[in-house]
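I have placed the structure first, in the form of structure tokens, so that the comments after it can refer back to it.
Each chain gets a letter, A, B and so on, in the order the sequences are listed, and its residues count up from 1. Worth knowing before you read on, the calculation uses all heavy atoms, side chains too, and leaves out hydrogens, waters and symmetry mates.
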Amino acid sequence: MKNSDTLISNQNKYGKELPGVEKHRAEQLSLVSAAREKYNAFISLDVQELEKQAADVPESAGEDRNPLSGVTAVLSDNICSEDMKTTCGSRMLENYLSPDNAYVVDKLKDAGVSIVGKGNMDEFGVGDSRGVSFFGPSKNPWDIERTAGSGIAGAVALGEAVFGLGSDARGGLRQAAAFSGLAGLKPGYGRISRWGLIDYAPSLDQIGIIARSAADIALVLECIAGEDSRDPSTLNNPAPRYTETLKEDVTGLKLGLLKGWGQVESLEPEVEVLLEKELARLKDLGCILVEVDLPHFFQASSTATIIGAVEAFSTLSNFDGVRFGFRIPSKHLQEMYINSRTEGFGSFLKQYVTFGALASSEKYFNEIFVSAQKLRTKIKEELEESLKTVDMIAAPAVPFRAPLLSDLDSRYGLDSSANIFTAAANLAGNPALTIPVTSDDDLPAGLQLIGRFFDEGKLLSVLHALENK
Amino acid sequence: MTVSSQDIKEASWDARVELSVQEEQSLLQEAQQLFIKVKSFLGPDLEEVSPTFFPIKSSTVLREDEVQPSLPVNKALANAPDADDHCHHVPRIIEE
């Protein structure tokens, strides 16, 4: 199947249901259940929604029908929904049922999207693309011994949902897309409301979209982008018709290729080979590739680790055994806080919030935390200056392919090399897109494009052109 | 710059979590390495640079003060591990 041959794309292209859609729905329940059991892609399933999907014969498509109507989606389990638990992949929220839907959930439901389940995720999103939660690892459909990076990536790669929404604080969503042979967009900061997202790093986190094709992402982005009065960080800049801008000619687009990307220590030779081929395809499309020198770019991962941890130390402080589900009873208040958080949080998360407390302590505040925010200024300025001379910046999404589950502890730590190419876009707030790069007989990798603010459409037009080449 | 065991212990108290000896040692090592790495990034060009705490310029978040429906008490308490009709129950701070 070509990347662009997906349910949404086909519905959009032909304006009617295609043969196979009904069958797809009838099989949905059993397939999704299998995805949960075998690949651990889902934490919760909406069985009612799945049964409805299986029973309903879809109405014939009319001109007024929303192209997303009846399309299946999976949400990362830190996006609040009233009808399924929102666990954030943590024992702390194992049975948490949100009183409200997130902004994006209401928008999807209004469009008729069928949300079939909540995807497995790193605990509270901290963990980059390990894909490991209190409920176990998300296994990769390309190789079950490897991580999918996240449950939503696994579910979409398996075809159990047409698209997935998740969060991206240091690049986890884009890395999971690369691991699973999918496209993944982190929109620019303020493009999508985060109201109802349980994020750990508010200045870095954005809700992103994982799907098989540019057309699918464009349709979903059109539906959920825009200003929301409940999230003051959303920007008053109406979202364009991405499904139209998608078709824009990419000939003559100037792509700045990150200088030194091939010298990164953790870069796998297989990733380098795959990316060189994809860069050649971009040249064939008429894109102009020039090298850009961004020395501060490579400092972004460490910088974002410090900022993310300090923010997590603060944002996750309300999970203390008082307001939300998990509590270890105690006779003393402080003891209850400590015991509840110690038992409720996983080992890595405990270390991460402790590191956040350390980096923002009186001893290290100026020397480490404020210095990191100054580095952020330099990284952001450097990207902005560069994007005045090129249309977008090209680099790998992640230096390696999906790691083996048994290697995760050695691959990931506080400052994971997984984030070396992705964290800069979070620090600066720019939109960034993973373009899947697949090979016939091996695991996929991802090429990343970083664009100017509000240029999500241009990034998607490049992916669209590659899909149709 | 040396991160000490005491620094980690104090930070874990601030974060209200208890780390095992192994977790403490692992974090101490990683924090030390990361701090050294970040220090190596700092040069004289950063001295006059202003920190960026937010990726966009945020405008005022103040709006007209209008009464809006708030979360009903029963919903606000629905996920609490211990509550009555109106309050969360927590252990005493001062012992009897």
Side-chain angles (χ1 to χ4, degrees), chain A residues 95-97 99 189-190 203 229 232-233 235 299 302-303 305-306 313 317 320-327 329-339 341-342 345 347 350-351 353-358 361 363-364 367-368 370-378 380 413-415 427-429, chain B residues 1 3 7-20 22-24 26-27 29-31 33-35 37-42 45-56 58-63 71-72 74-83 88-93 95:
Chain A
N95 293 305
Y96 175 64
L97 194 60
Y189 195 87
S203 85
S229 60
S233 71
L235 298 168
Q299 299 167 353
S302 306
T303 304
T305 295
I306 290 164
F313 164 54
S317 63
D320 55 9
V322 175
R323 281 156 288 190
F324 307 101
F326 187 79
R327 173 188 288 184
S330 172
K331 286 183 178 174
H332 304 283
L333 189 66
Q334 293 294 343
E335 196 176 274
M336 183 199 78
Y337 290 154
I338 291 171
N339 291 346
R341 287 167 66 84
T342 300
F345 287 162
S347 176
K350 281 193 299 170
Q351 292 179 65
V353 292
T354 301
F355 178 71
L358 179 74
S361 64
K363 185 173 174 185
Y364 297 107
E367 202 172 3
I368 296 298
V370 175
S371 295
Q373 301 287 19
K374 289 184 172 188
L375 285 168
R376 181 183 203 165
T377 304
K378 296 296 283 184
K380 185 172 166 59
L414 269 185
D415 183 16
L427 290 167
Chain B
M1 179 187 294
V3 181
D7 290 339
I8 301 291
K9 283 189 199 310
E10 285 173 11
S12 72
W13 164 255
D14 290 342
R16 299 294 189 272
V17 293
E18 201 168 272
L19 300 179
S20 67
Q22 196 186 359
E23 286 167 342
E24 250 181 47
S26 162
L27 180 58
Q29 198 178 5
E30 283 201 79
Q33 284 169 358
L34 185 52
F35 284 1
K37 193 172 169 185
V38 168
K39 288 281 283 179
S40 75
F41 299 156
L42 309 178
D45 63 324
L46 274 184
E47 279 172 17
E48 301 302 317
V49 172
S50 302
T52 297
F53 292 98
F54 214 58
I56 54 172
S58 56
S59 54
T60 175
V61 295
L62 298 177
R63 55 168 168 73
L71 195 63
N74 64 331
K75 276 195 168 186
L77 295 174
N79 283 289
D82 191 8
H88 293 282
H89 286 183
V90 293
R92 285 176 179 278
I93 298 171
E95 290 185 52

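- Outside the 6.0 Å centre-distance limit, the rings of A:Phe355 and A:Tyr364 are not counted as a close aromatic pair.
- At a 4.5 Å heavy-atom cutoff, the contact between A:Ser347 and chain B is made by backbone and side-chain atoms alike.
- A:Lys378 has its side chain within reach of B:Asp45: a pair of non-hydrogen atoms, C-beta onward, lies under 4.5 Å apart.
- For B:Ala78, no part sits under 4.5 Å from any heavy atom of chain A, backbone or side chain.
- We find that B:Arg16 and A:Asp320 are not joined by a salt bridge, their nearest charged nitrogen and carboxylate oxygen being 4.0 Å or further apart.
- With a 4.5 angstrom heavy-atom cutoff, A:Lys350 touches chain B via backbone and side-chain atoms both.
- Between chain A and the options B:Lys39, B:Glu10, B:His88, the largest number of non-hydrogen pairs under 4.5 Å is found for B:His88.
- For A:Thr305, the part sitting under 4.5 Å from any heavy atom of chain B is the side chain, from C-beta outward, and nothing else.
- Aromatic ring pairs are classed by plane angle as parallel below 30°, tilted from 30° to 60° and perpendicular above 60°; the pair A:Tyr189 and B:Phe54 is perpendicular.
- B:Ile8 touches chain A through backbone and side chain together, each having a heavy atom under 4.5 Å away.
- Between chain B and the residues A:Gly429, A:Ser203, A:Ser371, A:Ser233, the most heavy-atom pairs under 4.5 angstrom are made by A:Ser203.
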- Stepwise side chain to side chain contact (heavy atoms under 4.5 Å, CB included) test for A:Val322 and A:Met336: CA-CA 9 Å; A:Val322 175; A:Met336 183 199 78; 3.6 Å; yes
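- Using a 4.5 Å cut-off between heavy atoms, B:Ser50 contacts chain A through its backbone alone, with no side-chain atom that close.
- Per-residue heavy-atom pair counts under 4.5 Å with chain B were compared for A:Ile368, A:Asp415, A:Ile306, and the maximum is reached by A:Ile368.
- Contact of A:Glu335 with chain B is not made at all, since no heavy-atom distance falls under 4.5 Å.
- Only the side chain of B:Leu71 comes within contact range of chain A, with heavy atoms under 4.5 Å apart.
- In this structure, the portion of B:Leu34 lying under 4.5 Å from any heavy atom of chain A is its side chain and not its backbone.
- Remark: A:Phe326 pairs with no residue by the ring pair (Phe, Tyr, Trp, His ring centres under 6.0 Å) rule, at least two apart or across chains.
- For B:Gln33, there are no side-chain hydrogen bond (donor to acceptor under 3.5 Å, both in side chains) partners at least two apart in sequence or on another chain.
- Of the atoms belonging to B:Glu47, it is backbone heavy atoms, and not side-chain ones, that fall under 4.5 Å from chain A.
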- Message: Please evaluate residues B:Leu27 and A:Leu358 with respect to the criterion side chain to side chain contact (heavy atoms under 4.5 Å, CB included), reporting the C-alpha separation (whole Å), side-chain torsions for both, the decisive distance (0.1 Å), and the verdict.
- Response: CA-CA 10 Å; B:Leu27 180 58; A:Leu358 179 74; 6.0 Å; no
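- At a threshold of 4.5 Å between non-hydrogen side-chain atoms, the residues A:Phe313 and B:Asp14 count as touching.
- Comparing A:Val353, A:Leu414, A:Val370, A:Leu427 by heavy-atom pairs within less than 4.5 Å of chain B, the highest count is held by A:Leu414.
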